[in-house]
2 protein chains.
Amino acid sequence: MADRTARTTSHRAAPAHTHPDDVPLQTALAALADPVRLQLVRELAGSADWTRACGSFDVPVQKAALSHHFSVLRQAGIVEQRDAGPKRVNRLRREEFDARFPGLLDLVLRQDPLDR
Amino acid sequence: MADRTARTTSHRAAPAHTHPDDVPLQTALAALADPVRLQLVRELAGSADWTRACGSFDVPVQKAALSHHFSVLRQAGIVEQRDAGPKRVNRLRREEFDARFPGLLDLVLRQDPLDR
DNA sequence: AGGAGTGTATGATGTTCATCGAACACCAGG
DNA sequence: CCTGGTGTTCGATGAACATCATACACTCCT
């Protein structure tokens, strides 16, 4: 009790993250080998950090599945999340992920003729 | 008829290949997001072209599964196969695949601390 | 305190995929 | 022509996964 001095907000459990350095290559590849997650990453790359809440993405799944996909991306070290009031805002871990898997994000973010 | 000038050998059905240029990114990522296939690619990268038959790889699966994995790698534009007598020898499509997905093979072939 | 908005957890369902065993096809050599 | 070696196909099985609907938790605002 009485420790609310330094509290920002949120008594919510912080989401479980994994640093890219602790992510096996297979996990990273598997995380990106999904159309929904690929779209999330691409949309996220086009927005400034911490400006996009989970629900703000244009993906054809319900919010339960969406939550699952963000969990996968978190544990693959691709996105970082932070609670901002009732929303949970996202950031693409560009530098850290790029240091661990050089070129992979570039590859994913480069729009290709065959992708849809 | 009468086109056997250029015949090497083999009346076997040629294996179905896909050129890397016709491979969606997702397919490439999914093909590499498997431990057995990853090992196949890595072993193959350490051998000269057309020197390794399918059965010569040290992977913990039976030949039926092995055949399946090679089929996946073929259709992802990662390996090329050719019949040589009773064996089917392989080649990593390094240049073509690299032109389509720059950096991806480098990433996969770079031995990482977390991989096993 | 209540209510709207946002995200997570749980349980169920359907699909995809890796795997195996067995049968089959093909090649080379005796 | 049979036989050993090599790879593919087929059917079946089990595991992993994407998805949904529902219920729950938390935050902010009134």
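Atom set for the values below is all heavy atoms of this structure, side chains included, hydrogens, waters and symmetry mates excluded. Here is how names work: the chains are called A, B, and so on, in the same order as the sequence lines, proteins then strands, and each is numbered from 1. Fair warning: this is a prediction, and the values are worked out from it, not measured in the lab.
OP1 or OP2 of dT8(C) has at least one side-chain nitrogen or oxygen of Arg88(A) nearer than 4.0 Å. For Lys63(B), no side-chain nitrogen or oxygen approaches OP1 or OP2 of dG7(D) to under 4.0 Å.
The shortest side-chain heavy-atom distance between Asp34(B) and Gln26(A) does not fall under the 4.5 Å cut-off. Counting heavy atoms from C-beta on, the side chains of Leu73(A) and His69(A) never come closer than 4.5 Å. By the 4.5 Å heavy-atom criterion applied to side chains, Glu80(A) and Trp50(A) are counted as neighbours. Looking at heavy atoms from C-beta onward, Leu25(A) lies out of side-chain contact with Leu32(B) at the 4.5 angstrom threshold.
Atom pair Phe70(A):CZ and dC17(D):P shows a separation of 19 Å (rounding to whole Å applied). Summarising the geometry, the separation between NE2 on His69(A) and P on dA9(C) is reported as 15 Å, rounded to the nearest angstrom. Separating the CG atom of Leu66(A) from the P atom of dA21(D) is a distance of 14 Å, rounded to the nearest angstrom. Rounded to an integer number of Å, the gap from CG of Asp34(A) to P of dA18(D) is 6 Å. Remark: P of dA18(C) and CG of Leu38(B) are 13 Å apart, rounded to the nearest angstrom. The nearest whole Å value for the distance from the CD atom in Gln39(A) to the C1' atom in dA18(D) is 15 Å. Note: CZ (Arg12(B)) to C1' (dC24(C)) measures 13 Å, nearest angstrom. Taking atom CD of residue Gln81(B) and atom P of nucleotide dC27(C), one finds them 16 Å apart after rounding to whole Å.
Here the nucleotide nearest the side chain of Pro86(B), chosen from dT8(D), dT27(D), dG5(D), is dG5(D). Proximity note for Arg74(B) (side chain, C-beta onward) versus dG5(D), dT8(D), dC20(D): the nearest is dT8(D). In this structure, of dG7(C), dT19(C), dA18(D), it is dG7(C) that holds the atom nearest to the side chain of Lys87(A). Here the nucleotide nearest the side chain of Val61(A), chosen from dT19(D), dT6(C), dA21(D), is dT19(D). You'll find that the side chain of His68(B) is closest to dT19(C), out of dT19(C), dT8(C), dG5(D). The nucleotide whose nearest atom lies closest to any side-chain atom of Gln62(A) is, among dT8(D), dC20(D), dA28(C), dC20(D).
Of the two residues contacting DNA chain D, namely Ala65(A) and Ala53(B), the nearest-nucleotide position lying further toward the 5' end is that of Ala53(B).
When heavy atoms are screened at a 4.0 angstrom cut-off, Arg52(A) is found touching no nucleic acid atom at all.
The two residues Gln39(B) and Asp58(B) come nearest to each other via the heavy atoms NE2-O, 2.6 Å.
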